[in-house]
Structure formats: C-alpha cells, structure tokens
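Reading through the structure tokens given below for one structure.
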There are 2 protein chains.
Amino acid sequence: MSALSAGIRPEDEMLVVRPGKWTLTIVTLLRAETLRFNELKRQAGGISQKTLTVTLRELERDGFVTRTMFATIPPRVDYELTDLGRELLELADGWRVFASRNRTRVEAARERFDMSGGEPAIRLIHAD
Amino acid sequence: MSALSAGIRPEDEMLVVRPGKWTLTIVTLLRAETLRFNELKRQAGGISQKTLTVTLRELERDGFVTRTMFATIPPRVDYELTDLGRELLELADGWRVFASRNRTRVEAARERFDMSGGEPAIRLIHAD
DNA sequence: CCGCATCCATTTTGATACTG
DNA sequence: CAGTATCAAAATGGATGCGG
C-alpha cells in the first residue's frame, strides 16, 4: 500500500477542510495583506455578509486565519493568514493554476458531451 | 497584477470542477486501474448508487474520465482516467497529503477555539 | 449489472432586517 | 463597521423501486 492509500474517503481528507464555495477565494484575498471584514466583502464580490461571516469563522476555528478585534468606535476586525493558512493558500493556487490552464479543455469536453447527448462509446457486443 | 490575480472568484476556479463530496475519492480510486461501476461502489465504501452515477457523469462530461460500455449480458461499464483526469488526481493527492500532514494541527486549533468559546483577541481600545 | 426516476432529508447559501 | 437573527431558496446526498 502506498503512503496515500490510507484515507481515501471523504471524511478522511475533508476532516481538515471541506471547502465551502468561498473558502479558497477568501484565503487568496488574504495573500498579501491583512484585510478588514468589509474589504474582504467588497473584494470577493458577490458574497453575502452571512456567508462571509461563516466562512471566516470556520477558517479561524481551523487555524487558517486569525481574527483581531479592535474595540474602537466604529469597530474594526482584521483578518490575517496564519502559517497554516499560507499552506492552504498554496493548495488554492495549485487549484487555480489548474483551472486556468485547463478551462478551455474542460469547456470543449463539455460541449462535446452535451452535443452528443452523452452517449458513451460501445466497445463490445459479445455476450459474456 | 500577478498571474494568479485573474479569476479569484468561485465561478472562475470552480468552472473547471466544483468537487462534490466524492469526486476526489473516485478519481483516486481510478489511479491504478480501470474499474467497473460496482467495483468503484464497493471500494468507495458508503456512496449511494445515485451519487456515484452523478459523480461519474460529471467527471465524464468534463473530460476527466472515459466511460466504456460493453453491450454484453450482463452489461458492463468501465471507467478510466483520461490524461486530464490524471492531472486532477495530482491535485487530489496534494490535498490529501496536506490533510494527513496537518490533521493534528487543525484538530488542536479546533479544540482551542471551541474551549475558548471562540472569543477573539482584542488588541486596541482607543477610539479612532 | 448498470443506472435512471422519484421522492425526501440534510446542508449550504442568500436576502433582508436589525443591533452594539 | 461588523456582525446576528430569521426566513427562504437552492444544491447536495441518500433510499427505494423500476427497466434495459
């Protein structure tokens, strides 16, 4: 058994993080700098307050992000990647590179599939 | 702007594949060999027929997997990774390695967070 | 054996309004 | 500004029964 053979089921790998729709986006936005809640919201573009709140809470809980509250008026909260968060960022980058490299290929495959009605190749007609 | 700055939003990266719960598991099971539907089902352990069907259809549609139907009785269908599928497999491996390396760290972070009630650090009390 | 169709439960996400 | 609360909508996953 290879080193990877353990933990192939979803619970195993995803125990660490089963990424929500916005998780990798948020992590990526925090690449260069600490950001405040509404800066994140603006830059993400299209995320709801609630989803952003929930996503950030999860990232904080899992140790990918630190939350620093300033008890000022008006309030202010800064979000920043931890070292672990920066490792997650590398995964996100890998994913994104893959996506941008292969977008055309995947779109072409989809078109072919949809045009052909998804009919599979039939290779054999012998009975067993 | 870096090469990565384009396409940070979910639609961009996930257009290629927004992985369902079982997607990476299935891809990983197809690492070494072509498998039949029920072999996949058995080896995945805990996936429903429907979810497996849907997952495989998506993988086929996006060009990650080929489906070969044998018109025998009883019928037989083989699933196999394409070259593109093998690239996706590498991403899955990266994810899994990350997960197994950091499971302990994440679990510890969670425990700390849950114990402390999730209260954030307060850094400043000055008004603006 | 393979897998579609249907129905249902759970989870995730979003819209909106309101608070310290 | 940075949330919480509530409600509604959508996506996802699973159980079951049928059909080629």
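Predicted model only: the values in this text are computed from it and were never measured. Letters go in sequence order (proteins before strands), and every chain restarts at 1.
One finds a salt bridge joining Asp78(B) and Arg76(B) here, because a Lys/Arg side-chain nitrogen approaches an Asp/Glu carboxylate oxygen to under 4.0 Å.
Look at CG on Leu52(A): it is 14 Å from P on dA15(C), rounded to the nearest Å. Distance, Leu56(B) CG to dT12(D) P: 16 Å, rounded to whole Å. Taking atom CG of Asp78(B) as the reference point, atom P of dC2(C) lies 9 Å away to the nearest angstrom. The nearest whole Å value for the distance from the CZ atom in Phe70(B) to the C1' atom in dC1(C) is 13 Å. When rounded to the nearest whole Å, the span between CD1 of Ile26(B) and P of dT12(D) equals 16 Å.
Scored by the side chain to side chain donor-acceptor pair (under 3.5 Å) test, Arg36(B) finds no partners at all (sequence neighbours excluded).
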Extract all donor-acceptor atom pairs below 3.5 Å that involve side chains of residues 48-55 of chain A and protein atoms in other chains or at least two apart in sequence.
| unit_1 | atom_1 | unit_2 | atom_2 | d |
| --- | --- | --- | --- | --- |
| Ser48(A) | OG | Thr51(A) | N | 3.2 |
| Ser48(A) | OG | Thr51(A) | OG1 | 2.9 |
| Thr53(A) | OG1 | Gln49(A) | O | 2.9 |
| Thr55(A) | OG1 | Thr51(A) | O | 2.7 |

Please list, one pair per line, the donor and acceptor atoms closer than 3.5 Å that link side chains of residues 80-89 of chain A to other protein atoms, with sequence neighbours excluded.
| unit_1 | atom_1 | unit_2 | atom_2 | d |
| --- | --- | --- | --- | --- |
| Thr82(A) | OG1 | Gly63(A) | O | 2.7 |
| Thr82(A) | OG1 | Phe64(A) | O | 3.2 |
| Thr82(A) | OG1 | Leu84(A) | N | 3.3 |
| Thr82(A) | OG1 | Gly85(A) | N | 2.9 |
| Arg86(A) | NH2 | Leu81(A) | O | 3.1 |
| Glu87(A) | OE2 | Arg105(B) | NH1 | 3.2 |

Going through the distances and angles, do Asp62(B) and Phe113(A) end up as a side-chain contact (heavy atoms from CB on, under 4.5 Å)?
CA-CA 8 Å; Asp62(B) 290 351; Phe113(A) 185 91; over 6 Å; no

What do the steps show when you test Tyr79(B) against Thr34(B) for side-chain contact (heavy atoms from CB on, under 4.5 Å), and what is the final call?
CA-CA 6 Å; Tyr79(B) 294 91; Thr34(B) 295; 5.9 Å; no

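Judged purely by atom type and a 3.5 angstrom limit, Thr28(A) has no side-chain atom pairing as donor or acceptor with the backbone of Ile8(B).
For Arg67(B), a side-chain nitrogen or oxygen approaches OP1 or OP2 of dG3(C) to under 4.0 Å. In terms of phosphate contacts, Tyr79(A) brings a side-chain nitrogen or oxygen within less than 4.0 Å of OP1 or OP2 of dG3(D). Proximity of Arg57(A) to the phosphate of dA2(D): no side-chain N or O atom is located under 4.0 Å from OP1 or OP2.
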Give me the distances for all protein-to-nucleotides 14-20 of chain D N/O pairs that come in under 3.5 Å?
| unit_1 | atom_1 | unit_2 | atom_2 | d |
| --- | --- | --- | --- | --- |
| dG14(D) | OP2 | Thr51(B) | OG1 | 3.2 |
| dG14(D) | O6 | Lys50(B) | NZ | 2.2 |

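For the helix from dC1(C)-dG20(D) to dG20(C)-dC1(D), the end axes, each set by the C1' atoms of five terminal pairs, are bent relative to each other by 40° (nearest 10°).
For the segment residues 35-43 of chain A, the set of residues with a heavy atom within less than 4.0 Å of an atom of DNA chain D comprises Arg36(A), Phe37(A), Asn38(A), in numerical order.
Two residues are said to be in side-chain contact when any heavy atoms from C-beta on lie closer than 4.5 Å; Trp95(B) and Asp93(B) fail this criterion. With contacts defined as side-chain heavy-atom distances shorter than 4.5 Å, the pair Ile47(B)/Lys21(B) does not qualify. With a 4.5 Å cut-off on side-chain heavy atoms, Thr66(A) and Glu60(A) do not count as touching.
The local environment of CD in Glu39(B) is crowded, with over 12 non-hydrogen atoms from other residues, nucleotides or ligands closer than 6.0 Å.
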